[in-house]
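As the structure is a computational prediction, the values presented were derived from the model and not from experiment. Convention: sequence-line order gives letters A, B, ...; per-chain numbering from 1.
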Amino acid sequence: MEYNFREIEKKWQKFWEENKTFEVEVDESKPKYYVLDMFPYPSGAGLHVGHPLGYIASDIYSRYKRLKGFNVLHPMGYDAFGLPAEQYAVKTGQHPAITTDNNIKRYKEQLEKIGFSYDWSRELRTCDPDYYKWTQWVFIEMFEHWYNNKNSKAEPINELIEIFEKEGNKSIDASCNEEMIFTADNWNAKTEKEQQKTLLNYRLAYLADTMVNWCPELGTVLANDEVKEGFSVRGNHPVIQKKMKQWSLRISAYAERLLNDLEKLEWTDSLKEIQRNWIGRSEGAEMIFKVKGQDLGMEIFTTRPDTSWGVTFMVLAPESDLVEKVTTSDYKKQVEDYVNETKKRSERERMADAKTVSGQFTGGYALNPLTNEEIPIYISDYVLMGYGTGAIMAVPGHDSRDFKFARYFELPIIQVVVKEGEEPTDPATWEDSYDSKEGRMANSGFINDLNVNEAIEKAINYIEEEGIGERKINYRLRDAIFSRQRYWGEPFPVYFKEGIPYTLSKENLPLELPEVDAYLPTEKGEPPLGRAINWKTEDGYPIELSTMPGFAGSSAYYLRYMDPKNNDTLVSKKVNEYWQDVDLYIGGTEHATGHLVYSRYWNKFLYDIGWVCKDEPFKKLINQGMIQGRSNFVYRIKGANEFVSYNLKKDYDVTPIHVDVNFVSNDILDTEAFKNWDPEYKEAKFILEDLPDGKAGGKYICGYAVEKMSKSLYNVVNPDDIIEQYGADTLRMYEMFLGPLEMSKPWDTNGIDGVFKFLRKFWKLFHDEQNNFNISDETPSEIELKVLHKTIKKIQEDIERFSFNTSISAFMICVNELTDLKCNKRKILEPLTILLSSFAPHITEELWQKCGNSESISCAKFPELDEKYLVESTYEYPVSFNGKMRFKIKLPIDIDAKEAENRVLTNEQAQKWLEGKTPRKVIFVPRKIINIVI
RNA sequence: GCCCAGGUGGUGGAAUUGGUAGACACGCUGGACUUAAAAUCCAGUGGCCAUUGUGGCCGUGCGGGUUCAAGUCCCGCCCUGGGUACCA
């Protein structure tokens, strides 16, 4: 029988489904292992060949762990809320639920063809009310907790209220929005409404006026990670800054833990680095500069309090509340004009303009608390409201932006740091500020002559002693904006009473997404939920109109997979204690600052309140590389319907045109398919390569380029087509064979034949020349056992370090060797089949069954490595002279250095290279090399 | 600007701890089988030079260095990809 992959793959996919082969339950008798893929957003385009790369890798690892005796949880689901389905709904009127459902069906069909070992009974989708009930539930929990900095932990808001009632808030160290000190009496005298307003400043999920990224085109606010260089990540629309009342999650409270706990994780250094930069910890001091003639302080943050003697002016962000207060009447008009101008400019414009200096003097002066000198206060858009305090002390001598500003407005520049061993120079002669991370202090009072690090310490201590300010650690990480003015997302379980938000009772969850007549804002400019009929509580209070963002549903999905059908809780304690956390998480690096930060935060919160037993969700994480497209080009002669082959194009004036890669194989164009592609090319003529005999009329060779895989570049390859032609086992192995998992690489179908040939060769080992199944029960020879055990060792090591491309070449070597040995012995082929089964599950199930096994091969045991078959009695040493390999010599494995030297030097070939000289030195490295120095 | 990866034949890549550079494939060339094609099988394939054969020199982005020995370690540069940014 020939290797009929179509029949075999269908048969075993059906078998796994019917026998629930991969469904798992809590089983205390076995160790657990949790392998997770980042679940996909089911887009309308379906999967291309790049998407399954990570899924294949995780599936190989899952199947391997199962063979090793682990109880493996390996689920799949869909991140189903999101913008594209909603935009499609706006265009066509089709309900996003229907679009999403169709897309999911297509995804699942495609995924099932690849033969993954998912436990499909645990499948979940974030748009399912039974699922988002728990997203809403966690939101309510966050609303009901505050962050206690003293314990570095989230605690119930009720306990906070008790403290307020007894002693006010003076002993509280909370992560909160700006808050005045109040006493117990103050608190108790507040009305319910006032108390609720105050509590909102403490809640981990809070409603507040915030500067937000507003995207007018999408009609919604976006989180920082959803904006890149002033444009929305989805759709690439301009984004502006705007103050709006929005829900936020107090993720900044967790900044320190999110940063420190990175050390515990087995993630790549580059990914940890991205998160470290995103969290952006900087150490320094917060200082207060008094405003001259007013009872008013300007709070600033600096990492360099040592340069305080070099401060010659102050700058406020135009959006700062202080602007109005410090501005004198003489400058009111100019300041207002400048503020209005900045407001009009988008973030993008401000950035593009980074080189032009702009700003405005306010007329106000501040007092430098260290020197008591008067310094002018300016406003400028190079100071951002969102970082630090929205105000800076400017040190033009040692900061390039301050330097440019000082030059422009002709403000004084003072040098306070001098490079070691140099003398101060006149700043008037400088072309730029002097980078001052190292050096010695000058012109700086009592810290003169100290080096920078000592000076920083001494300055901070002084500032604290004098009550000017305090040591402070600042984070770049902002609270996560949690409202979206969209339809297709989780509704907030929140209603408003006198404008104050209250959460629904948990018994009433899920709060289901209501029907609307259109997926657009209302005439009043409210979000689409403003169109919902009767969108209020039983008591008639209005319900929140925004919905939650995409990352809400993906923040705890890994927990829900553990216990997906539980109606009483997100995940039961017992189940959580068994599965614990994700042992291996595979997905793209694009989630580094979004999902991977949010879900760590979400998980830490659930850990604080005792719902989960691990404070980090993903122990080990691997980022698979992107599969890029490999586009092909034809070269059209300008003004003609004639195409010239790649190597001849230099003689013509041509335009390169993308051609569908499915008409091209090994860069050779199928000219007939090309003619039929588009009526425009029906009459196309071709100038072909020369044949070897010099005559024209050979092939049409296309050019190529590596680009993004995209429909518009005609370089999309659909896994369904590959499976139809070669089978899923070939697809799986070829995707792994392409190169290291983490590396980005172009998809090139050309090499796939090699893998396909390998599987057929493997199949042939089990069959005789007439294609009859034929294996022997003879005892294997030493050499056959050596081939097998060499392969067991290599495969095991490679899988453990996720080096799947090298495992595949090891399989190829093994099958080539067994073919040469004409080995068809059961004792060799059965263990080899198990080894291969995580990579190529269908063909191995089939052969396993033909060998007479009744159970699925996934229930087999991974073959034991026996080192005794690998023991060698000799080793072939490479012998090099002055580092250059010259010949090889076979020597006993246990030979000592002296004996080896003897044997080598007396060797005939060595004589030739010694040229009669005596070697100066002989280096003998056992089982490695012999090097002779002459 | 700053931070992180990476640069090896015609192509994808291998070399796990400093120890034989180019495993395994693709492609290409030649051959067998065939009326022919496909499939399959066999041989060759880093570059240059020499040759009846044995062979020699060069070679892992560039320039230096350490070492008996460097793709691998160190210093300086160039290039590609990714992250991030008026971050005080």
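Using cut-offs of 30° and 60° on the angle between ring planes, the pair A:Phe887 and A:Phe881 is tilted. Taking the six-membered ring for Trp and thresholds of 30 and 60 degrees, A:His767 and A:Trp763 have nearly parallel ring planes, at less than 30 degrees apart.
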Symbol by symbol from the 5' end, with Watson-Crick or G-U pairs under 3.5 Å, [ ] crossing and | another strand, RNA chain B is (((((((..(((......[....)))((((((.......))))))((((.....))))..(((((..]....))))))))))))....
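Atom name P, nucleotides B:U54 and B:G81: the rounded distance is 45 Å, in whole Å. To the nearest whole angstrom, the two P atoms, one in B:G59 and one in B:A5, are 29 Å apart. Of the C1' atoms belonging to B:A50 and B:G55, the separation is 8 Å, rounded to the nearest Å. B:U67 and B:G18 have their C1' atoms separated by 9 Å, given to the nearest Å. When the P atom is compared between B:C77 and B:C2, the two are found 11 Å apart, to the nearest whole Å. With both ends at atom P, the span from B:A25 to B:U60 equals 26 Å, rounded to whole Å. The same atom, C1', is picked in B:A70 and in B:U80; the two are 24 Å apart, to the nearest Å. For the P atoms, the distance linking B:C78 with B:U40 amounts to 49 Å, nearest Å.
Across the interface with RNA chain B, nearest-nucleotide mapping of A:Asn277 and A:Gly883 shows A:Asn277 to be the residue nearer the 5′ end. In this structure, A:Ile930 and A:Glu797 both approach RNA chain B, and ranking their closest nucleotides by distance from the 5' end singles out A:Glu797.
You'll find that the side chain of A:Met812 is closest to B:C24, out of B:C24, B:C86, B:G19. With distances taken from any side-chain atom of A:Ser270 to the nucleotides B:C24, B:C87, B:C4, the minimum falls on B:C4. Closest to the side chain of A:Val925, out of B:G27, B:G19, B:A14, is B:G19. The side chain of A:Trp278 sits closest to B:U84 out of B:C24, B:C68, B:U84. Here B:C68 is the nucleotide among B:C86, B:G13, B:C68 with the atom lying nearest to any side-chain atom of A:Val933. The side chain of A:Tyr875 lies closest to B:U20, out of B:C4, B:U20, B:C24. Of all nucleotides listed (B:C86, B:G13, B:A88), B:G13 comes nearest to the side chain of A:Met743. Of the listed nucleotides (B:U84, B:C4, B:A25), B:U84 has the atom at the smallest distance from the side chain of A:Thr593.
If you check the side chains of A:Asp402 and A:Tyr382, you find a donor sitting under 3.5 Å from an acceptor. Defined by atom type and a distance below 3.5 Å, a donor-acceptor pair is missing between the side-chain atoms of A:Asn931 and A:Lys921. For A:Asn474 and A:Ser282, the side-chain atoms include no donor-acceptor pair closer than 3.5 Å.
Taking syn as a glycosidic angle within 90° of 0, B:G65 does not qualify and is anti.
Contact detail for A:Pro396 and A:Ser433: the closest heavy-atom pair is O-CB, 3.6 Å.
Ring centers of A:Phe756 and A:Phe758: at least 6.0 Å apart, outside the cut-off.
Within the 4.0 Å cut-off from OP1 or OP2 of B:U40, at least one side-chain nitrogen or oxygen of A:Arg760 is found. OP1 or OP2 of B:A14 lies within a sub-4.0 Å distance of a side-chain N or O belonging to A:Asn805. Between A:Lys761 and B:U40 there is no side-chain polar atom (N or O) within less than 4.0 angstrom of OP1 or OP2. Proximity of A:Arg630 to the phosphate of B:U11: no side-chain N or O atom is located under 4.0 Å from OP1 or OP2. The side chain of A:Arg476 places an N or O atom within less than 4.0 Å of a non-bridging phosphate oxygen (OP1 or OP2) of B:A85. OP1 or OP2 of B:A25 has at least one side-chain nitrogen or oxygen of A:Asn816 nearer than 4.0 Å.
Residue A:Phe737 is in base contact, counting any heavy-atom pair closer than 4.0 Å across all strands shown. Using a 4.0 Å heavy-atom distance criterion, A:Arg886 is classed as a sugar-phosphate-only contact.
Between A:Arg927 and A:Glu872 there is no salt bridge, since none of the side-chain N atoms of the basic residue sits less than 4.0 Å from a carboxylate O of the acidic one.
Cation-pi geometry between A:Arg600 and A:Trp267 is satisfied (NZ or CZ under 6.0 Å from the ring centre, within 45° of the ring normal).
Contact of A:Lys928 with B:U20 (side chain to base): no donor-acceptor pair of N or O atoms is detected under 3.5 Å. Donor-acceptor pairing under 3.5 Å, judged by distance alone, is present between the side chain of A:Lys794 and the base of B:U16.
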